[in-house]
Amino acid sequence: MKITGAKVIVCCPSRNFVTLKIETEAGIHGLGDATLNGRELAVVAFLEEYCIPALLGRDARQIEDVWHYFYRGVYWRRGAVSMAALSAIDLALWDIKGKALDTPVYNLLGGRSRDAVLVYAHATGDSLASAVESAARCAEAGYRAIRIQAAVPGLTDTYGVAKGKVPYEPAKRGLAVEERWDTARYLSFLPTLFAEARQQLGPDVHLLHDVHHRCTPIEAARLAKQLEPYHLWWLEDPVAGELQEGLRLIRQHSTTPIAIGEVFNTIYDYTTLITEQLIDFVRMPPAHGGGITHLMKVAALAGVYHVRTGFHGATDISPVGMAASLHVDVTINNFGIQEHMPHQEIVSEVFDVGYQFERGVMVLDERPGLGVEIDEEQAAKFPYRAAALPVNRLTDGTLWHW
Ligand code: CS2
Ligand code: MG
């Protein structure tokens with residue numbers, strides 16, 4: 001089944017999405033998510049200049065070979081931009097295969113291992129009390145797992161905290177805004193937040209928190225240790241992801257489960273962390289980590305070491321990328337949880353999806369392929385708008401991890 005065409009569709013219904021559409025001689029097309037928050041057009045250029053010309057004429061059925069053509073076959077391999085492009089190609093080919101065989105992608109990966117996919121919600125507040133109230137509202141809406149982020153007293157901006165009534169979205173129009181950060185204030189505040197949340201929400205709800213790469217290893221070790229009494233489902237990205245050795249120090253001091261890797265893009269970012277059992281959850285999603293083909297391998301390695309998955313599912317993963325995560329989630333044995341940060345309502349004017357939220361879980365229907373379609377006419381009504389993720393500085397001006 002020859003690939004006869006491919007194009008990139010960029011749209012901005014509330015936020016930017018980059019979608020790759022691959023067409024075949026059989027008249028079947030597939031979609032892939034190539035969205036990389038704040039770097040969208042770099043992926044578009046990479047796809048249009050280098051990948052699409054090399055895709056034309058290839059057999060869309062040969063997913064494994066195409067994957068290796070764009071990974072092993074490339075001298076300048078890995079990196080967020082090229083792996084986002086490769087992920088999109090891979091997703092589109094799985095979508096095509098599912099449609100050609102008239103079955104959902106999960107049936108091609110091994111079939112369902114569960115009826116539905118446990119998801120976690122985002123609770124956020126500009127104070128300790130409002131964050132705990134926000135978490136209570138999530139619990140009322142049926143979520144059984146809730147991530148809580150609250151404004152750190154004394155700081156003007158805190159990652160994950162919405163301002164006013166608009167839903168939280170970290171990328172802002174134009175150039176990157178600069179935020180200020182104070183780890184000492186954060187470390188003394190956070191245990192008080194989770195003490196209150198656990199007390200008010202009770203023992204059954206799963207609580208999560210995202211440190212967003214802000215701590216040094218010894219600070220993260222202290223935090224993970226202090227949070228132990230509130231038995232978190234996970235503490236996410238406690239240190240900057242590239243410092244793999246840093247996770248050893250955290251492990252030596254605490255039993256709080258650790259999730260890492262939403263910014264990773266290959267299995268090589270994970271091998272030390274998985275084989276040394278330094279983490280409990282893999283965050284890298286199919287949309288950024290080499291597609292379904294690569295994530296199935298990462299998940300298999302993780303499974304050997306009793307590490308589970310908890311894929312990144314922020315709004316900058318498009319509905320196509322979210323669907324790809326859900327097909328893997330519903331299939332693999334070592335699935336843990338899936339992040340669910342709902343897209344704004346307007347996104348459904350462009351994307352039609354075959355998954356839906358039902359009381360704490362995500363349910364996938366029986367549509368063939370990934371189960372997502374894009375309305376190109378509608379997409380054209382929402383042109384690209386440049387937006388950037390913030391830059392972070394310590395209170396004295398020192399540049400820090402955002
Ligand atoms: C976050 C993301 O969902 C998460 O866990 O870390 O919101 C992240 O900040 C964005 O995806 C950045 O693009
Ligand atoms: Mg995160």
Side-chain angles (χ1 to χ4, degrees), residues 63-64 67 83 87 90-91 94 104-121 143-147 206-210 224 231-238 241 244 247-248 250-251 254-314 317 321-340 355 360-364 370:
I63 300 179
E64 185 76 11
W67 195 93
M83 291 306 287
S87 304
D90 186 77
L91 263 45
W94 279 103
V105 167
Y106 57 73
N107 279 336
L108 306 174
L109 304 177
R112 283 178 185 270
S113 290
R114 54 192 59 78
D115 302 328
V117 168
L118 176 69
V119 294
Y120 70 89
Y143 284 101
R144 308 202 295 261
I146 305 165
R147 166 188 123 149
H206 301 304
L207 299 179
L208 300 83
H209 178 73
D210 190 349
H231 45 98
L232 265 58
W233 172 281
W234 79 34
L235 189 65
E236 177 186 339
D237 288 335
Q244 310 225 341
L247 277 295
R248 291 197 186 113
I250 303 171
R251 245 345 183 218
S254 161
T255 56
T256 295
I258 302 294
I260 204 161
E262 65 183 38
V263 298
F264 291 178
N265 42 66
T266 72
I267 198 166
Y268 299 107
D269 299 318
Y270 271 116
T271 41
T272 304
L273 299 178
I274 290 175
T275 59
E276 289 191 25
Q277 291 170 281
L278 301 179
I279 59 167
D280 302 280
F281 295 93
V282 163
R283 291 277 292 148
M284 181 174 82
H288 290 152
I292 290 170
T293 298
H294 199 51
L295 250 300
M296 289 300 284
K297 293 170 184 173
V298 176
L301 178 69
V304 173
Y305 292 89
H306 296 204
V307 172
R308 292 186 287 165
T309 62
F311 296 146
H312 187 206
I317 304 289
M322 184 66 178
S325 289
L326 292 169
H327 281 270
V328 176
D329 292 339
V330 86
T331 303
I332 57 174
N333 176 264
N334 57 322
F335 163 75
I337 201 164
Q338 170 66 51
E339 181 175 14
H340 179 226
Y355 57 80
V361 294
M362 207 63 99
V363 182
L364 270 171
L370 292 175

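For this chain, numbers begin at 1 and follow the sequence in order. Note: hydrogens, waters and symmetry copies are ignored here, and every other heavy atom, side chains too, is used. Bear in mind the structure is a predicted one, so any value in this text is a computation, not a measurement.
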query: Do Ile332 and Met296 pass the side-chain contact (heavy atoms from CB on, under 4.5 Å) test, and can you show the C-alpha distance, the side-chain angles, and the key distance before you say yes or no?
result: CA-CA 8 Å; Ile332 57 174; Met296 289 300 284; 3.9 Å; yes
task: Take Asn333 and Ser113 through the side chain to side chain donor-acceptor pair (under 3.5 Å) test and state the conclusion after the steps.
output: CA-CA 6 Å; Asn333 176 264; Ser113 290; 5.7 Å; no
field: Verdict with reasoning, Phe311 to Asp329, per side-chain contact (heavy atoms from CB on, under 4.5 Å)
entry: CA-CA 8 Å; Phe311 296 146; Asp329 292 339; 3.2 Å; yes
message: Using the rule given for side chain to side chain donor-acceptor pair (under 3.5 Å), can you reason through His206 versus Tyr143, listing the C-alpha separation, both sets of side-chain angles and the distance that settles it, and then say yes or no?
response: CA-CA 9 Å; His206 301 304; Tyr143 284 101; over 6 Å; no
Trace of the side-chain contact (heavy atoms from CB on, under 4.5 Å) decision for Val117 with Leu364: CA-CA 9 Å; Val117 168; Leu364 270 171; 5.7 Å; no
task: Show your working on side-chain contact (heavy atoms from CB on, under 4.5 Å) between Glu339 and Val119 and close with a plain yes or no.
output: CA-CA 6 Å; Glu339 181 175 14; Val119 294; over 6 Å; no
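Although no hydrogens or angles enter the test, the distance criterion places a donor-acceptor pair under 3.5 Å between the side chain of Tyr270 and the main chain of Ile260. A donor-acceptor pair under 3.5 Å links the side-chain atoms of His327 to the main chain of Leu370, judged by distance alone.
Evaluation of the salt bridge (Lys or Arg N to Asp or Glu O under 4.0 Å) test over residues 294-310, restricted to residues two or more places apart or in two chains, returns Glu64-Lys297.
The two residues Gly321 and Leu91 make their nearest non-hydrogen contact at CA-CD2, 4.2 Å. In this structure, Tyr305 and Thr275 approach most closely via the heavy-atom pair CE2-O, 3.5 Å. Residues Asp210 and Asp237 share a closest heavy-atom pair of OD1-CB, 4.0 Å. The two residues Asn334 and Val307 come nearest to each other via the heavy atoms ND2-O, 3.0 Å. Pairing each heavy atom of Pro285 with each of Ser325, the nearest pair is CB-OG, 4.1 Å. Heavy atoms only, all atoms of each residue included: Ala116 and Val363 are closest at CB-CG2, 4.2 Å.
Once rounded to the nearest 0.5 Å, the distance linking CD of Gln244 with OH of Tyr268 reads 13.5 Å. Taking CD of Glu236 as the reference point, atom CD1 of Ile279 lies at 11.5 Å (rounded to 0.5 Å). Here CE of Met362 is found 10.5 Å from CG of Leu118. Values are rounded to the nearest 0.5 Å. Annotation: the span from Leu278 atom CG to Leu247 atom CG amounts to 6.0 Å, rounded to 0.5 Å.
For the side chain to side chain contact (heavy atoms under 4.5 Å, CB included) with Ile63, the lone residue among Leu108, Thr293, Ile292 that qualifies is Thr293. For the side chain to side chain contact (heavy atoms under 4.5 Å, CB included) with Ile258, the lone residue among Leu235, Leu232, Leu273 that qualifies is Leu235. Of the candidates Met83, His288, His294, Met83 is the only one forming a side chain to side chain contact (heavy atoms under 4.5 Å, CB included) with Asn265.
Annotation: ring pair (Phe, Tyr, Trp, His ring centres under 6.0 Å) contacts of Trp234 (sequence neighbours excluded): Tyr120, Phe281. With sequence neighbours left out, the salt bridge (Lys or Arg N to Asp or Glu O under 4.0 Å) criterion links Arg114 to no other residue. Glu262 meets the side-chain hydrogen bond (donor to acceptor under 3.5 Å, both in side chains) test with Arg283; sequence neighbours excluded. Tyr355 meets the ring pair (Phe, Tyr, Trp, His ring centres under 6.0 Å) test with no other residue; sequence neighbours excluded. Applying the salt bridge (Lys or Arg N to Asp or Glu O under 4.0 Å) criterion to Arg251, with sequence neighbours excluded, gives Asp280.
Considering only heavy atoms from C-beta on, Met322 comes within 4.5 Å of Gln338 through its side chain. Proximity of Leu295 to Met284: side-chain heavy atoms (C-beta onward) are separated by under 4.5 Å at one or more points. Residues His312 and Val263 are not in side-chain contact: their nearest non-hydrogen atoms beyond the backbone lie 4.5 Å or more apart.
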